[in-house]
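Letters go in sequence order (proteins before strands), and every chain restarts at 1.
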2 protein chains.
Amino acid sequence: MPRGNCRGQGWWHGKFQGCGYRLTAGREAILDILSKSEGHLSAEDIYMKVHPKYPNVGLTTIYRTLDVLSNLGMVSKLDFGDRRARYELAEGPKGAHHHHHLVCTDCNKVVDYTDFIDDEVELLRETEKGLGAKYNFKITNHIIQFYGLCNKCSAKK
Amino acid sequence: MPRGNCRGQGWWHGKFQGCGYRLTAGREAILDILSKSEGHLSAEDIYMKVHPKYPNVGLTTIYRTLDVLSNLGMVSKLDFGDRRARYELAEGPKGAHHHHHLVCTDCNKVVDYTDFIDDEVELLRETEKGLGAKYNFKITNHIIQFYGLCNKCSAKK
DNA sequence: TTGTTAATGGAAACCATTTTCATTAAGGAG
DNA sequence: CTCCTTAATGAAAATGGTTTCCATTAACAA
């Protein structure tokens, strides 16, 4: 049960078991919700969506599962500056829905954008390679985020 | 007293007063510490450093001041995934010390890097312009961060 | 089926950050 | 220089997302 670096390929049934994690109803429920929902869900959002169908899955399990999924690289943990983590299904850097975020610092509105993504991905790949070598890091992940005021909020001022 | 968008040029004496903020001992102390310290300080770090010289500046004021400075664009608020915000003096995108961060997800070690910064800055400028126009955002700021395992932590596994 | 041990839930603990509120003092007006 | 308005402050209490504890349950390998 290699519990360490399990961020490689493979979809979750295999991935879980291959990494020594057990496949439980709670975990399936969470992955199910995550794959059906668009957007950036907080732990509590997920709890609310899971609860009706699986009333016996507690918030604690949500947190623990998200942590596992995040370590496996299957889920991205996001921070938009309100003080709660958000989660979304991760996809490979070439995956169809690769995107980054544009966050309004005033109303916390978030826009997913895919513009310029190809150039970004290109540069990031280079950078990742370079930095990994230079600083001896095994890079698994990156974040790009832009902050500013959305049109509504900048009109307000 | 235009309390709104005061992120322009000018150093802090003028900036403060020009924006209707008052210049207080606490604020000077914090800016002083920030400009003398290297690295990524938490609110409490700053408190500890400010305290000996200004024992009557409370932690609350540190938080409030950092918030103001951050809104003015004079300080960057960072998030490295441990659950406390870090702060560092901001410099303009072309400033001498512009850098991004490389974070170990295991031991939370942070490396400041400046490699590839020019290419990054170039791309980001473009992206910022494009996104700002397309989504009607007034973009003021961005974050790039790489995550991975430092050599020590990846050896441990 | 059984045994080992990972996973779970509920409640309590944690702890960085915010809020409250009475007090102080910055800095413009006169 | 003094007064006055109101921003800024500190101490203590509140907040609230996330973690920890611990006794119980259940995955899944043998």
Exercise. Closer than 4.0 Å, any side-chain N/O of A/Arg84 to the OP1 or OP2 of D/dG17?
Worked result: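 True: A/Arg84 side-chain N/O within range (under 4.0 Å) of D/dG17 OP1/OP2.
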
Exercise. Is the distance from OP1 or OP2 of C/dT8 to the nearest side-chain N or O of A/Thr24 less than 4.0 Å?
Worked result: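 Checking C/dT8 against A/Thr24, a side-chain N or O does come within under 4.0 Å of OP1 or OP2.
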
Problem set entry | Distance-only polar pair, side chains of B/Asn71 and B/Tyr21, donor-acceptor under 3.5 Å |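 Side chains of B/Asn71 and B/Tyr21: no pair found under 3.5 Å.
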
Exercise. When only distance counts, do a donor and an acceptor, one from the side chain of A/Arg22 and one from the base of C/dA6, lie under 3.5 Å apart?
Worked result: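 Check passes, donor-acceptor contact within cut-off.
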
Exercise. Would B/His99 and B/Glu88 count as a side chain to side chain donor-acceptor pair (under 3.5 Å) if you check the C-alpha gap in whole Å, the side-chain angles of each, and the deciding distance to 0.1 Å?
Worked result: CA-CA 11 Å; B/His99 64 271; B/Glu88 67 182 17; 3.1 Å; yes

Exercise. According to the interplanar angle, ranging from 0 to 90°, do the rings of A/His40 and A/His101 count as parallel (below 30°), tilted (30 to 60°) or perpendicular (above 60°)?
Worked result: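 Because their plane-to-plane angle is over 60°, the rings of A/His40 and A/His101 count as perpendicular.
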
Length of the line joining [X]:[atom1] and [N]:[atom2], which is rounded to integer Å:
{"X": "B/Tyr54", "N": "C/dT24", "atom1": "OH", "atom2": "P", "result": "21 Å"}
{"X": "A/Asp45", "N": "D/dT18", "atom1": "CG", "atom2": "C1'", "result": "15 Å"}
{"X": "A/Phe16", "N": "D/dA27", "atom1": "CZ", "atom2": "C1'", "result": "13 Å"}
{"X": "A/Leu23", "N": "C/dT5", "atom1": "CG", "atom2": "P", "result": "21 Å"}
{"X": "B/Ile46", "N": "C/dT17", "atom1": "CD1", "atom2": "P", "result": "10 Å"}
{"X": "A/Leu66", "N": "D/dG17", "atom1": "CG", "atom2": "C1'", "result": "13 Å"}
{"X": "B/Ile62", "N": "C/dT18", "atom1": "CD1", "atom2": "P", "result": "14 Å"}
{"X": "A/Tyr21", "N": "C/dT8", "atom1": "OH", "atom2": "P", "result": "12 Å"}

Taking the minimum atom-to-atom distance to the side chain of [X], which one of [options] wins?
{"X": "A/Leu59", "options": "D/dT18, D/dT9, C/dT8", "value": "D/dT18"}
{"X": "B/Tyr63", "options": "C/dA7, C/dG10, C/dT18", "value": "C/dT18"}
{"X": "A/Arg27", "options": "C/dT8, C/dA11, D/dA11", "value": "C/dT8"}

For this session: Hey, which sits more toward the 5' end of DNA chain C by its nearest nucleotide, B/Ser42 or A/Tyr47?
Result: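 Nearest nucleotide further toward 5': that of A/Tyr47.
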
Problem set entry | Which residue lies more 5' along DNA chain C, comparing B/Gln17 with B/Arg83 via nearest heavy atoms |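 This one resolves to B/Arg83.
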
Exercise. Are B/Leu123 and B/Ile143 linked, directly or through other ILVMFWY residues, by side chains that come within less than 4.5 angstrom of each other?
Worked result: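 Shared cluster, no.
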
For this session: Drop me the distance from A/Asp115's CG to B/Glu126's CD, to the nearest 0.5 angstrom.
Result: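 Reported value, rounded in 0.5 Å steps: 13.0 Å.
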
